[in-house]
Structures are given as C-alpha cells and as structure tokens.
K.L.:
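So that we are looking at the same thing, I have put the structure below in structure tokens.
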Amino acid sequence: QVQLVESGGGLVQAGGSLRLSCAASERTFSMYYKGWFRQVPGKEREFVAAMSWNGLSSYYADSVKDRFTISRDNAKNTVYLQMNSLKPEDTAVYYCAAAPRSSVWPYYDFNVYPYWGQGTQVTVSS
C-alpha cells in the first residue's frame, strides 16, 4: 500500500507562491494516476488538479487554472503542485491522492482515489 507524505504548505500573502510536494513510498508511483484536492472546514473535499500516469494529460479546476501547475519527478517518486498568484480563497488543507490505475474517471471525484496523504495547510493572507 503506497504512503503519501505532503510538504510545503505554510502562510503566504496574497499574490505569493508556494510549491507543495507529495512523496510516495512506492517505486511504481510513476504508474499511478495522481491528484490534488483541498478542503476547508465544513465543506466537501474539492478537486484542484490531476495528472495521468504518463504525465501526458493534466486537468485543473476552473478556479485554479492558469495559476496552479501539477508536475512530477518519477526519479523521486514525487508529485508537485506549484501555486502562483495565490488568493485568500485558496486557503485550505491540501491533500495529494493517487490511484494505481492508468486512468480514473471522473478524475475530479475524490472517491476514485484510494490513497491519500495527511494533508498540508495552506493559508493565504489578504
């Protein structure tokens, strides 16, 4: 069973940037479908970004498109979320997720991802 560990969260001013990392324990992580979700108290976990196992397809929520970028480093078994032009409404706990399949559908549904990290807090001040 793959274990995921996020890092890189913190406090940043509006307009700033952060890069989240998610390191996996599994060497075959490169074969996994990968996603990032976020959650604020009292709300359902929200889709942020996803990447196909081969890295050829990436998907983003409309609210983060053109500001966030999902990427991977197969040699490090790590997936990243580069977040630029951060807004106060981006404040949330961010989770990485993975599914041991070549494709998932719908990629924006947190129920299709069986593996999750512990989450990392991102706070954007105005």
K.L.:
Considering residues at least two apart in sequence or located in another chain, which fulfil the ring pair (Phe, Tyr, Trp, His ring centres under 6.0 Å) criterion with Y33?
P.N.:
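Y33 satisfies ring pair (Phe, Tyr, Trp, His ring centres under 6.0 Å) with no residue once adjacent residues are dropped.
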
K.L.:
Check whether any side-chain heavy atom of E6 lies under 4.5 Å from a side-chain heavy atom of Q118, and answer yes or no.
P.N.:
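Yes; the side chains approach each other to less than 4.5 Å.
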
K.L.:
Could you walk me through whether Y59 and V48 pass the side-chain contact (heavy atoms from CB on, under 4.5 Å) check?
P.N.:
CA-CA 8 Å; Y59 307 96; V48 175; over 6 Å; no

K.L.:
Could you report the tightest heavy-atom contact between L4 and A24, atom names first, then the distance?
P.N.:
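Closest approach of L4 to A24, heavy atoms only: CD2-CB, 3.7 Å.
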
K.L.:
If you count every heavy atom of other residues, nucleotides or ligands that lies below 6.0 Å from Q3 atom CD, does the total exceed 12?
P.N.:
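Not buried by this count: 12 neighbours or fewer within 6.0 Å.
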
K.L.:
Can you list everything that forms a ring pair (Phe, Tyr, Trp, His ring centres under 6.0 Å) with Y60? Sequence neighbours excluded, please.
P.N.:
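Result, ring pair (Phe, Tyr, Trp, His ring centres under 6.0 Å) vs Y60: none returned.
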
K.L.:
Kindly say whether F37 contributes a backbone atom to a donor-acceptor pair with the side chain of E46 at under 3.5 angstrom?
P.N.:
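Side chain of E46 to backbone of F37, a donor-acceptor pair under 3.5 Å: no, none is there.
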
K.L.:
The criterion is salt bridge (charged side-chain N to carboxylate O under 4.0 Å, His left out); which residues satisfy it with R67, sequence neighbours excluded?
P.N.:
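Checked R67 against salt bridge (charged side-chain N to carboxylate O under 4.0 Å, His left out); matches are D90.
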
K.L.:
Side chains of T78 and D73: do they bring a donor and an acceptor to under 3.5 Å?
P.N.:
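Side chains of T78 and D73: no pair found under 3.5 Å.
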
K.L.:
Kindly say whether G9 contributes a backbone atom to a donor-acceptor pair with the side chain of R19 at under 3.5 angstrom?
P.N.:
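Not at all, since once roles are kept as given, no pair shorter than 3.5 Å links the two residues.
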
K.L.:
State, to 0.1 Å, how close A92 and V40 come at their nearest heavy-atom pair, and which atoms those are.
P.N.:
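So the minimum-distance heavy-atom pair works out to CB-CG1, 3.6 Å.
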
K.L.:
Does one hydrophobic cluster hold both V79 and F68, with members joined at side-chain heavy-atom distances below 4.5 Å?
P.N.:
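Yes: a chain of side-chain contacts under 4.5 Å links V79 to F68.
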
K.L.:
Which pair of non-hydrogen atoms, one from P114 and one from P100, has the smallest distance, and what is that distance?
P.N.:
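Closest approach of P114 to P100: CG-CD, 3.8 Å.
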
K.L.:
Start with the C-alpha distance between M83 and V122, add both sets of side-chain angles, then the distance that settles side-chain contact (heavy atoms from CB on, under 4.5 Å), and finish with yes or no.
P.N.:
CA-CA 10 Å; M83 305 185 295; V122 171; 3.8 Å; yes

K.L.:
What pairs with F110 under ring pair (Phe, Tyr, Trp, His ring centres under 6.0 Å), at least two apart in sequence or on another chain?
P.N.:
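Scan of F110 (ring pair (Phe, Tyr, Trp, His ring centres under 6.0 Å), adjacent residues dropped) gives none.
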
K.L.:
Are the side chains of I70 and W36 in contact, using a 4.5 Å heavy-atom criterion?
P.N.:
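Side chain of W36 against side chain of I70, heavy atoms only: contact under 4.5 Å found.
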
K.L.:
Quick one: CG on N84 to OG1 on T69, what's the gap to the nearest 0.5 Å?
P.N.:
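Here the rounded value is 6.5 Å.
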
K.L.:
Could you verify whether a donor N or O on one side chain and an acceptor N or O on the other, from E89 and T91, lie under 3.5 Å apart?
P.N.:
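Judged by distance alone, the side chains do not pair up.
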
K.L.:
Any non-hydrogen side-chain atom of V93 less than 4.5 Å from a side-chain atom of R38?
P.N.:
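Result no, sub-4.5 Å side-chain heavy-atom pair not found.
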
K.L.:
So if you build clusters from Ile, Leu, Val, Met, Phe, Trp, Tyr with side-chain heavy-atom gaps below 4.5 Å, do V64 and L81 land together?
P.N.:
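Yes, V64 connects to L81 through the hydrophobic network.
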
K.L.:
Yes or no on side-chain contact (heavy atoms from CB on, under 4.5 Å) for E26 and N77, after CA distance, side-chain angles and deciding distance?
P.N.:
CA-CA 7 Å; E26 181 64 49; N77 298 324; over 6 Å; no

K.L.:
Quick one: does NZ or CZ of R45 land under 6.0 Å from the six-membered ring centre of W116, within 45 degrees of the ring axis?
P.N.:
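Yes.
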
K.L.:
I want to check something: taking the side chain as every heavy atom from C-beta on, are T123 and V12 in contact at a cut-off of under 4.5 Å?
P.N.:
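Answer no - side chains too far apart.
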
K.L.:
Using side-chain heavy atoms (C-beta onward) and a distance below 4.5 Å, is S58 in contact with S71?
P.N.:
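No; the side chains remain at least 4.5 Å from each other.
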
K.L.:
In Å and rounded to the nearest 0.5 Å, what is the CD to OG distance from Q82 to S21?
P.N.:
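So the gap between those two atoms works out to 9.5 Å.
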
K.L.:
Check the surroundings of atom CG in N111: do more than 12 heavy atoms from other residues, nucleotides or ligands lie under 6.0 Å from it?
P.N.:
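Enclosed: over 12 neighbouring heavy atoms sit under 6.0 Å from CG of N111.
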
K.L.:
Can any side-chain N or O of Y113 pair as donor or acceptor with the backbone N or O of Y107 at less than 3.5 Å?
P.N.:
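Yes, the answer is positive, given that a donor and an acceptor are paired below the 3.5 Å cut-off.
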
K.L.:
Using the rule that two of Ile, Leu, Val, Met, Phe, Trp, Tyr join whenever any of their side-chain heavy atoms come within less than 4.5 Å, decide whether V112 and W105 are in one cluster.
P.N.:
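Yes, it is one cluster - the side chains of V112 and W105 are joined through contacts under 4.5 Å.
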
K.L.:
Quick check: is V104 connected to Y108 through a chain of hydrophobic side chains (ILVMFWY, heavy atoms under 4.5 Å apart)?
P.N.:
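Shared cluster, yes.
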
K.L.:
Any ring-ring contact (aromatic ring centres under 6.0 Å, His included) pairs touching residues 80-99, not counting sequence neighbours?
P.N.:
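Those involving residues 80-99 do not exist here.
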
K.L.:
Please list all pairs meeting ring-ring contact (aromatic ring centres under 6.0 Å, His included) that have one or both residues in residues 6-31, counting only residues at least two apart or in different chains.
P.N.:
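Output for this query lists F29-Y32.
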
K.L.:
Give a yes or no on whether the backbone of S126 and the side-chain of Q13 come within a donor-acceptor separation of less than 3.5 Å.
P.N.:
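No; judged by distance alone, with no hydrogens or angles, the pair does not exist.
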
K.L.:
Between R72 (side chain only) and W53 (backbone N and O only), is there a donor and an acceptor less than 3.5 Å apart?
P.N.:
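Between the backbone of W53 and the side chain of R72 there is a qualifying donor-acceptor contact (under 3.5 Å).
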
